[in-house]
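For reference, the structure is listed below as C-alpha cells.
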There are 12 protein chains.
Amino acid sequence: MAKNPKQSKTLPIYILNGPNLNLLGHREPEVYGTTTLAQIEAMCAAQAKSHGLAIVFRQSNREGEIVDHLQEARTSGSAVIINPAGYGHTSIAILDSIQALQLPVIEVHLSNIHRREPYRNHSYVSKGATGIVMGLGAQGYLRAVDAVAEILKVKT
Amino acid sequence: MAKNPKQSKTLPIYILNGPNLNLLGHREPEVYGTTTLAQIEAMCAAQAKSHGLAIVFRQSNREGEIVDHLQEARTSGSAVIINPAGYGHTSIAILDSIQALQLPVIEVHLSNIHRREPYRNHSYVSKGATGIVMGLGAQGYLRAVDAVAEILKVKT
Amino acid sequence: MAKNPKQSKTLPIYILNGPNLNLLGHREPEVYGTTTLAQIEAMCAAQAKSHGLAIVFRQSNREGEIVDHLQEARTSGSAVIINPAGYGHTSIAILDSIQALQLPVIEVHLSNIHRREPYRNHSYVSKGATGIVMGLGAQGYLRAVDAVAEILKVKT
Amino acid sequence: MAKNPKQSKTLPIYILNGPNLNLLGHREPEVYGTTTLAQIEAMCAAQAKSHGLAIVFRQSNREGEIVDHLQEARTSGSAVIINPAGYGHTSIAILDSIQALQLPVIEVHLSNIHRREPYRNHSYVSKGATGIVMGLGAQGYLRAVDAVAEILKVKT
Amino acid sequence: MAKNPKQSKTLPIYILNGPNLNLLGHREPEVYGTTTLAQIEAMCAAQAKSHGLAIVFRQSNREGEIVDHLQEARTSGSAVIINPAGYGHTSIAILDSIQALQLPVIEVHLSNIHRREPYRNHSYVSKGATGIVMGLGAQGYLRAVDAVAEILKVKT
Amino acid sequence: MAKNPKQSKTLPIYILNGPNLNLLGHREPEVYGTTTLAQIEAMCAAQAKSHGLAIVFRQSNREGEIVDHLQEARTSGSAVIINPAGYGHTSIAILDSIQALQLPVIEVHLSNIHRREPYRNHSYVSKGATGIVMGLGAQGYLRAVDAVAEILKVKT
Amino acid sequence: MAKNPKQSKTLPIYILNGPNLNLLGHREPEVYGTTTLAQIEAMCAAQAKSHGLAIVFRQSNREGEIVDHLQEARTSGSAVIINPAGYGHTSIAILDSIQALQLPVIEVHLSNIHRREPYRNHSYVSKGATGIVMGLGAQGYLRAVDAVAEILKVKT
Amino acid sequence: MAKNPKQSKTLPIYILNGPNLNLLGHREPEVYGTTTLAQIEAMCAAQAKSHGLAIVFRQSNREGEIVDHLQEARTSGSAVIINPAGYGHTSIAILDSIQALQLPVIEVHLSNIHRREPYRNHSYVSKGATGIVMGLGAQGYLRAVDAVAEILKVKT
Amino acid sequence: MAKNPKQSKTLPIYILNGPNLNLLGHREPEVYGTTTLAQIEAMCAAQAKSHGLAIVFRQSNREGEIVDHLQEARTSGSAVIINPAGYGHTSIAILDSIQALQLPVIEVHLSNIHRREPYRNHSYVSKGATGIVMGLGAQGYLRAVDAVAEILKVKT
Amino acid sequence: MAKNPKQSKTLPIYILNGPNLNLLGHREPEVYGTTTLAQIEAMCAAQAKSHGLAIVFRQSNREGEIVDHLQEARTSGSAVIINPAGYGHTSIAILDSIQALQLPVIEVHLSNIHRREPYRNHSYVSKGATGIVMGLGAQGYLRAVDAVAEILKVKT
Amino acid sequence: MAKNPKQSKTLPIYILNGPNLNLLGHREPEVYGTTTLAQIEAMCAAQAKSHGLAIVFRQSNREGEIVDHLQEARTSGSAVIINPAGYGHTSIAILDSIQALQLPVIEVHLSNIHRREPYRNHSYVSKGATGIVMGLGAQGYLRAVDAVAEILKVKT
Amino acid sequence: MAKNPKQSKTLPIYILNGPNLNLLGHREPEVYGTTTLAQIEAMCAAQAKSHGLAIVFRQSNREGEIVDHLQEARTSGSAVIINPAGYGHTSIAILDSIQALQLPVIEVHLSNIHRREPYRNHSYVSKGATGIVMGLGAQGYLRAVDAVAEILKVKT
C-alpha cells in the first residue's frame with residue numbers, strides 16, 4: 001500500500017456511478033424505486049459523516065470519464081464505491097483502473113444481477129473489487145459506506 | 001407510456017448514428033456506397049416531412065455521448081432510429097438507455113450483419129429495439145422513418 | 001444476375017409465408033394482433049400496386065413446398081419477401097433455395113426474434129437474405145414491399 | 001381457454017405420430033418390440049373408450065402434415081397426444097403449432113430419450129407440452145390417454 | 001434380474017420424494033396446487049391397492065438418505081417411483097444407486113422441467129430411469145403407479 | 001440382415017437426392033458445374049449396368065418424401081446412395097429411416113462440406129451411413145455405385 | 001407475503017452457515033483470518049440486538065440439514081442470512097428451499113468468489129437471494145444484519 | 001504443515017468411501033468384481049500394518065458425513081485415502097474439506113473414470129488431491145496405502 | 001497449377017498412410033479385417049495400372065515424415081491419396097503440407113469416423129482435401145484411385 | 001491505397017495509447033517497470049527520427065476519442081502504432097476505425113497477453129492489424145517503429 | 001488376449017517416457033525434484049526385479065518413435081507403463097497404438113495434471129489406459145510397477 | 001537464471017523453424033512472398049552480426065526434432081527465436097521444452113494468425129514465449145533479432 005494508511009483515511013471516499021444512473025427515480029419508478037441519485041448522494045454523505053468521513057460523488061455516462069475519476073481517486077481518495085451499471089458487464093478498461101488503485105473498492109448494484117438476463121450475470125469489475133454488495137436497492141450504498149469505514153478503521 | 005402520445009407525435013424523431021458512420025461515402029465506397037451521412041440526413045428529413053414529422057440527426061464516435069442523446073430523446077423526442085454501428089455489438093450501456101425510453105425504437109444497419117464476421121452477428125441493441133431494419137443500405141433509414149410514422153399514427 | 005433486370009421488374013414479387021401463419025388473427029390475438037393473413041395479402045397487393053408492381057402470395061406449412069415456391073420464384077419472380085416462421089430457425093434447405101435465387105430477398109418477421117426465446121434468436125434464412133425487417137408486425141410486409149420496389153427501381 | 005371446456009370434452013383426442021413410426025413392429029423388433037402402430041391405435045381407442053372418450057389416430061412422415069393435423073386438432077379436438085419421433089428434436093414449426101393450441105398436450109416417446117445419443121436428449125416439443133411420458137414403450141400411450149382423461153375431467 | 005420376478009411383485013413399490021416436497025400444498029399453492037404430500041401418499045396407496053400392490057412412501061431433504069432408501073428398495077421393493085426434486089439435477093450419487101437397482105424405476109416431476117429455468121432442464125436421474133412422467137401434477141404419481149403395475153404384470 | 005443377400009442383389013440400388021438438386025447444371029454453373037441431375041442419372045444407370053445392377057433414381061425437395069423413399073428402399077432395394085443436400089445437416093427423421101434400413105448406405109456430397117460454412121460441416125446422415133464419398137462432384141455418384149457393387153458382391 | 005410483516009419482525013433472523021465454516025479461525029488463518037465462527041455469532045447477536053432483533057445461528061456440513069433449517073426459518077424466522085459455502089455452487093435443493101421462503105434472504109461470502117477459481121464464480125443461491133454481500137470477511141455478516149434490519153423496518 | 005510430521009505418522013490413515021460403495025461385491029459383480037468393501041478394509045489394514053501404519057476405514061452415503069470424517073482426519077489422521085464415488089464429480093464441499101487438510105490425500109477410483117460417461121470424467125476432488133490412483137480395482141487401495149507410507153517416510 | 005498437367009499425369013500417385021496402419025490385418029482382425037497393408041498396396045498398384053498409372057506407397061508412424069513425403073509428392077507426384085489415421089484429427093502441419101500441394105488430394109479412412117468417438121469426428125486434413133472417401137474399408141483406396149484417375153483424365 | 005505512397009511517407013506515424021497507459025511508471029513499477037509514457041514517447045521520436053520519420057503521440061482513456069484519433073490518422077498519418085490496452089479486448093468500434101484506415105497498423109502490447117487472464121487473450125484490434133508486437137515491454141514500441149519504417153521504405 | 005498369459009509374464013515390462021523427460025533432475029529441480037530419469041530407471045528395474053520381472057526403459061521426444069515402441073511392446077512386452085508427458089494431451093496416434101495393444105497399460109504422470117493449466121487436465125492416453133497413477137512424483141513409477149506385477153500375477 | 005548472463009550473451013541465438021517453412025519462396029509466392037528460408041537465414045545472420053551476435057539457424061518438419069533443438073539451445077544458446085508454423089497450434093511438447101528454457105524466447109509468425117482460420121488463432125507456444133512478433137513477413141525475424149539483442153544487452 002503506497003499511501004500512508006492513516007493519511008488516506010482523511011481523504012474522501014469516491015462514490016462513482018455509471019451510465020443511466022442519473023435517471024434514477026425518474027425512470028420506471030415501479031422497478032427502480034422513487035429515490036433519486038441526488039437523494040442517494042445525500043444519504044451517503046450523512047452515513048459517511050456518521051463515520052467521520054467525507055465523500056466525492058460522481059455520475060458519468062462515459063466509460064473513459066469513469067476511468068479518469070478512478071485515476072483521480074487513486075491519489076485523492078481513501079476508498080472507492082462504484083456502481084458501474086452497464087459498464088460493469090463490458091469494461092476491461094474500468095477493471096484495469098480499479099486494479100491500478102491501491103485502495104479498498106466496493107462494487108454496488110441496486111438489483112441482484114444474478115436474477116436478471118444472462119448477459120447481466122457477469123461483471124468484470126468484480127474481478128478487481130474488494131467486496132460486492134448487490135440487490136439491496138439504495139440501501140446498498142449505505143452498507144458499502146459502512147464497509148469502507150470498517151476497513152479503513154482496521155487499517156489504522 | 002408516460003408522455004401524452006398525441007403530444008409526443010409533435011416531437012421530432014431522433015436519428016442517432018454510431019462510430020465511424022461520419023466516414024460514410026468516403027471510406028471504401030465500393031463497399032459502403034458513395035452516399036454520405038449528410039445525404040442520408042437530407043433524405044431522412046425529406047421522408048419525415050412527407051409524413052408531417054421532423055427529425056433530429058446526430059452522429060457520435062463516443063458511447064457515452066450516444067447515451068446522452070438517448071436520454072435527451074427520452075424527453076424531447078417522439079421516437080428513435082439508431083444505427084449503433086460497432087457499439088451495437090458491445091454496449092449494454094446503450095441498451096440500458098434504450099430500455100429506459102418509452103418510445104418506439106428502430107435499429108438500422110446498412111449491411112446485413114448476419115452475413116458478416118461472427119462477432120458482428122449479435123447486437124445488444126436488438127434486445128431493446130421495437131423493430132429492426134438491416135441490409136438495405138441507405139434506404140434502410142427511409143424504411144425506418146416510414147415505420148416510425150406508421151407506429152405514431154396508430155397511437156393517436 | 002442472369003435475368004434481364006428490366007424484364008424481371010415486370011415479374012411479380014413472391015411473398016412467401018411459413019408454417020402456422022395461416023392462423024394469424026385467429027391465434028392469440030392479444031399477442032399477434034387481429035390482422036389475418038388474407039388482410040396482409042390485400043395490404044401487400046395494394047402497396048405493391050402503388051409502386052406499379054404485382055405480387056404472388058403463398059402460405060405453406062411444409063418446408064419442401066416452400067423450397068418449390070422459391071424455385072418457382074427463381075424463374076417467375078422479380079424478388080422474394082419471405083416470412084419463414086419456424087423454418088427460419090431450422091431450415092438449411094430453404095437457405096439453399098434462397099442462395100440459388102438471383103433476386104433480391106427480404107426476410108420478414110412479425111416479432112423481434114431477438115427479444116424471444118434463445119432458440120428463436122438465430123435464422124438460417126438471414127444468411128441468404130439481402131435485407132431483414134422485423135418487429136414491425138403486419139406493417140413489416142409493407143416496408144419490405146417498399147424496399148423491394150426501391151431496389152428494383154435502382155436496377156433499371 | 002377459447003373453447004367451452006365441457007364441449008371440448010365431447011371432441012376426440014388427437015393422437016399424432018411422427019416419421020418412421022409406421023414401421024413399428026416390423027423394424028428391429030428386438031429393440032422396438034413387436035407391437036405395431038395399428039395395435040397401438042386399437043389399444044388407445046379401447047383405453048379412451050373406457051374413459052368415455054374417442055380418438056383420432058394419425059401417422060405422418062412429413063413435418064408440414066403434422067403441423068396441419070395439429071391445426072385441425074385446434075378446432076376439432078379436446079386434447080393432443082403426440083409422439084413426434086425424429087421431428088421432436090428438430091422442429092420449431094411443430095412446437096409453434098402446439099403453442100397455438102389451447103388444449104392439453106402430452107408428448108410420448110417409446111424409449112427414454114435421455115439414455116440415447118446426445119442429439120436425441122433434447123426435444124423442442126417438450127417446450128410446448130403440458131406433460132411428458134417416455135420410456136414406457138407402447139404402454140406410454142395408454143398412460144397419456146389416462147392423463148388426458150383426468151385433465152379433461154378436472155376441467156368440467 | 002437377480003430377484004425372482006414373481007416374488008418381487010409381492011414386495012411394495014417404493015415411492016421416494018426429494019427435498020422440499022414436504023412443503024407441497026403449503027408453499028405457493030397458486031403454483032404447486034393445494035394437494036399435500038400426505039394426500040399424494042393416500043392417492044398412491046389407493047391406486048396401488050387397485051392393482052393389488054402395496055407401497056412404501058418416503059420423503060427426505062437429504063441426498064444420502066435417499067441413497068439409503070434406494071438401497072433398501074433394492075432388496076425390499078418391487079419397483080421405485082422417485083420424484084428427486086432438486087437432487088435430480090445435481091446428484092450422481094442417486095443416479096448410481098438407481099443404476100445399482102435391478103428394478104423398474106419411474107422418475108416423476110410435478111412440473112414439466114423443460115419449461116422452467118435452464119438449470120432445471122437436465123436430470124441425472126433420467127439417465128438411470130426406465131421411464132419418465134412429468135408435467136401432470138399430483139396425477140403423475142398415479143400414472144407412474146399404473147406404469148409400474150403394468151411392467152410388473154408383464155414380467156410374471 | 002433380414003433379406004436374403006443373394007436376392008437383394010437382384011433388387012435395384014435406390015439413388016435418392018435431396019432439396020434443390022433438381023437445379024443442378026442450371027444454378028451457378030461456375031460453382032456446381034454444367035452437369036444436370038438427368039445426366040447424373042444416366043451416368044449412374046450406365047455405371048450400375050456395367051456391374052449388372054439396376055437403379056431407381058429420385059429427387060425430392062421434401063424431407064418426408066425422402067423418408068417415404070427410404071422406407072420403400074427398405075423392402076424394394078438392395079442398397080441406397082443418398083445425397084441429402086440441405087437435409088443432411090438437419091434431419092434426424094432421415095437418419096432414423098436410414099438406421100431402420102438393413103442395407104448398405106453411401107452418403108454422397110458433390111462438394112467437400114468440410115471446406116464450406118461451419119453449419120455445413122456436420123451431417124446427421126453420416127451417423128447412419130456405411131460409407132461417405134464427397135468433394136468429387138458428379139463423379140462421386142459413380143464411385144458410390146462402384147462401392148455398392150463391391151459390397152453386394154462380397155455378400156454373396 | 002403470507003405472514004403478518006409486523007409479527008415477523010419479532011421473529012429472529014436465521015443466520016445459516018454451510019460446510020467447513022466450523023473450521024473458521026483454525027484453518028489457514030493467514031487466508032481466512034483468526035476470527036472463529038463463535039466470534040462471528042457473538043458479533044452478529046450484538047449487531048442484531050443494536051437493531052432490536054434476535055438471531056438463530058446455525059452451522060451444518062450437510063446439505064439436507066440446511067434445507068431443514070431453511071424450512072424452519074420459513075415459519076419461525078423474520079429473515080435469513082446464509083453463507084452457503086461450498087453448497088452455494090452446487091445445490092439446487094437449497095435454492096428451492098430459499099425460493100419457498102417468503103422472507104428477505106441475504107447471501108454472504110467471506111471472500112469475493114469472482115476472484116477465485118472458475119467453479120466458484122457461480123452460486124445457485126444467488127438466483128434466490130434478495131441481496132448479496134461478499135468479499136468483506138467477517139464484517140460481511142454485520143452488513144447483512146444491517147441490511148435485514150433496514151428491510152424489516154421498511155416493511156412495517 | 002501445522003502438525004509435527006513425526007507425530008502425524010503415528011496417527012492412522014483415514015480411508016474414506018463414498019456413496020454406494022457399501023454395495024461392492026453384491027452389485028453387478030460381473031462389472032465391479034466380487035470383492036466386498038469389508039474385504040478391501042481387511043486388505044488395507046494388512047497392507048498398512050506391513051508399513052507399520054494403522055487405518056481408520058469409513059463408508060458413508062452422505063456428503064456432509066464425509067465432510068465430518070475429513071475434518072476428523074484433519075486432527076486425528078496422518079493421511080487420507082478417499083474414494084469419493086459419485087460425490088467426486090459433484091461436491092465442492094468435500095473439495096473444501098480436503099483443501100483444509102494439511103495432509104497427503106490420495107484419490108482412488110476402482111474404475112478408470114476417463115473411459116466412462118462424460119459426466120464421470122471430471123472430479124472436483126482431484127483439484128485437492130496430492131495424488132490419484134484409478135482403474136486398478138481393489139488393488140488401487142493397496143497402491144494408495146503404499147504411496148502414503150512412502151510419503152510419510154520421506155517426511156520424517 | 002504450376003506443373004504441366006499432361007506431364008504430371010505421367011508422375012505416380014502418392015498413397016500415404018499414417019500411424020499404426022502397418023498393423024492392419026494383424027490387429028483386431030474382427031474389427032479391421034484381415035487385409036494387410038501390403039495387400040492394399042498390391043490392390044492399389046493393380047487398380048492404378050488398369051488406369052495406366054503408377055503409385056508410390058508409403059507408411060509412417062511419424063508426423064514429420066509424412067510432411068516430408070507430402071513435400072516429395074509436391075514435385076514428384078501427380079496426385080495424393082492419404083489415410084492420415086490418428087494424425088488426421090490433430091495435425092495442422094500435415095494440413096499445411098497438403099495446402100501447399102497443387103495436386104488433387106483424396107483423404108481415405110477405412111472406417112466411418114462419424115460413427116466413432118467424438119474426438120474422431122473431426123479431421124484437419126479434410127480442410128485441405130479435394131475429396132473424401134470413408135467407411136468402405138480397403139475398398140476405399142480403390143475408389144480413391146479411380147477418383148484420381150478420373151480427375152487427371154479431365155485435366156488433359 | 002488512396003493516398004500517394006510517397007507522400008504518405010512524409011506524414012507522421014500516429015502512435016496511439018489506450019486507457020490507463022498514462023499511469024505507466026507510476027503504477028505497480030515492479031510489474032510494469034519504471035519507464036513512463038513520456039519516456040516512451042521520447043524513445044519513439046528518437047527511433048523514428050533515426051529512420052527520417054516523425055511521430056504524433058497520443059494517449060486517451062476514451063474509446064470514442066481513440067476512434068477520432070484513428071480517423072485523423074487516416075488523412076494525416078503514414079502509419080499507426082496502437083497500444084489499445086483494455087479497449088483491445090472489447091472495442092469493435094476501434095477495430096472498425098482501423099479497418100477504415102488504408103495504412104500499415106502495428107498493434108503493441110507491453111505484456112504477452114496470452115500469458116495473462118483468459119479475458120485478455122483475445123484482441124479485436126488484432127483482426128485489423130497488419131502486424132503485432134507484444135511481450136517486449138517499452139522496447140516493443142521501438143520494434144514497431146522499425147517495422148513501420150521498413151514497410152514504408154518498401155512501398156516507395 | 002492373443003498371447004499366452006503365462007508366457008507374456010516372462011516378457012519385460014515396457015516403461016516408455018515422452019518428450020522432455022530426459023531433462024528430469026536438471027530442469028527446475030525446485031519443481032520437479034532432483035531425481036534423474038536414469039535414477040527412475042534404476043528404481044524401476046529394482047522394483048520389477050523384486051517381483052521377478054524385467055523392464056525395457058525408453059525415452060523419446062518424438063511422437064512417432066513412441067508409437068514404434070508401443071508396437072514393439074505389443075509383441076515383445078508383458079505390459080506397458082507410459083508417462084506420455086506433453087503428448088498425452090494431444091496424441092491420438094499414441095492412443096491408437098495403446099488400443100491396439102492387448103496388454104495392461106498404466107499411465108503415469110509425475111504431477112497431478114488436474115491441478116495444472118486447463119489444457120493439461122485432459123489426456124487422450126487415459127482413454128486407452130487400464131489404470132492411471134499421478135501426482136506421486138518418481139514414486140508413481142514404482143506404484144505402477146507394483147500394479148502391473150499384481151495384474152500379471154492374477155492372470156496366471 | 002541458471003547460466004551466467006554475461007557468458008550466455010556470447011552464445012548464439014537459436015532461430016528455429018517449423019514444418020513446411022523449407023518451402024518458403026517456392027510455395028504460393030503470391031501469398032508468402034519470394035524470399036526463401038535461406039535468404040531469411042542470411043538476413044538474420046547479418047542483423048545479429050550488427051549487434052555483435054551469432055546465430056544457429058534450423059528448420060525441421062518434425063515436432064520431436066524441434067524439441068531436441070530447443071533442448072540443445074537450453075545449454076548452448078543465449079536466446080531462442082522460433083517460428084513454430086503448424087506445430088504452434090498443436091504442440092504442448094514444444095511448449096514444455098520452451099518452458100524448460102531459462103532464456104528469452106521470441107515467437108515469430110510470418111502472417112497475422114488472428115486474421116486467418118479460427119484453428120490458427122491459438123498458439124500454445126505463446127503461453128511460453130517472452131514476446132511475440134507476427135504479421136510482418138520476413139522482416140519479423142529481424143525485429144525478433146533486434147528484440148533479443150536489446151534483452152541480452154539489458155541483462156549484462
Pick from [options] with the largest number of heavy-atom pairs that fall under 4.5 Å of chain B:
| options | answer |
| --- | --- |
| J:Leu101, J:Ile66, J:Ile94, J:Asp68 | J:Asp68 |
| J:Gln71, J:Glu63, J:Arg62, J:Glu65 | J:Gln71 |
| J:Asp96, J:Leu70, J:Val67, J:Leu95 | J:Asp96 |

Across all chains, not counting sequence neighbours, the side chain to side chain contact (heavy atoms under 4.5 Å, CB included) partners of J:Ala45 are J:Ile55

Between [X] and [Y], what is the shortest heavy-atom contact and its length?
| X | Y | value |
| --- | --- | --- |
| B:Thr90 | J:Thr90 | CG2-O, 3.4 Å |
| B:His26 | J:Arg74 | O-NH2, 3.3 Å |
| J:Ser97 | B:Asn20 | OG-OD1, 2.7 Å |
| B:Tyr87 | J:Ala93 | CE2-CB, 3.8 Å |

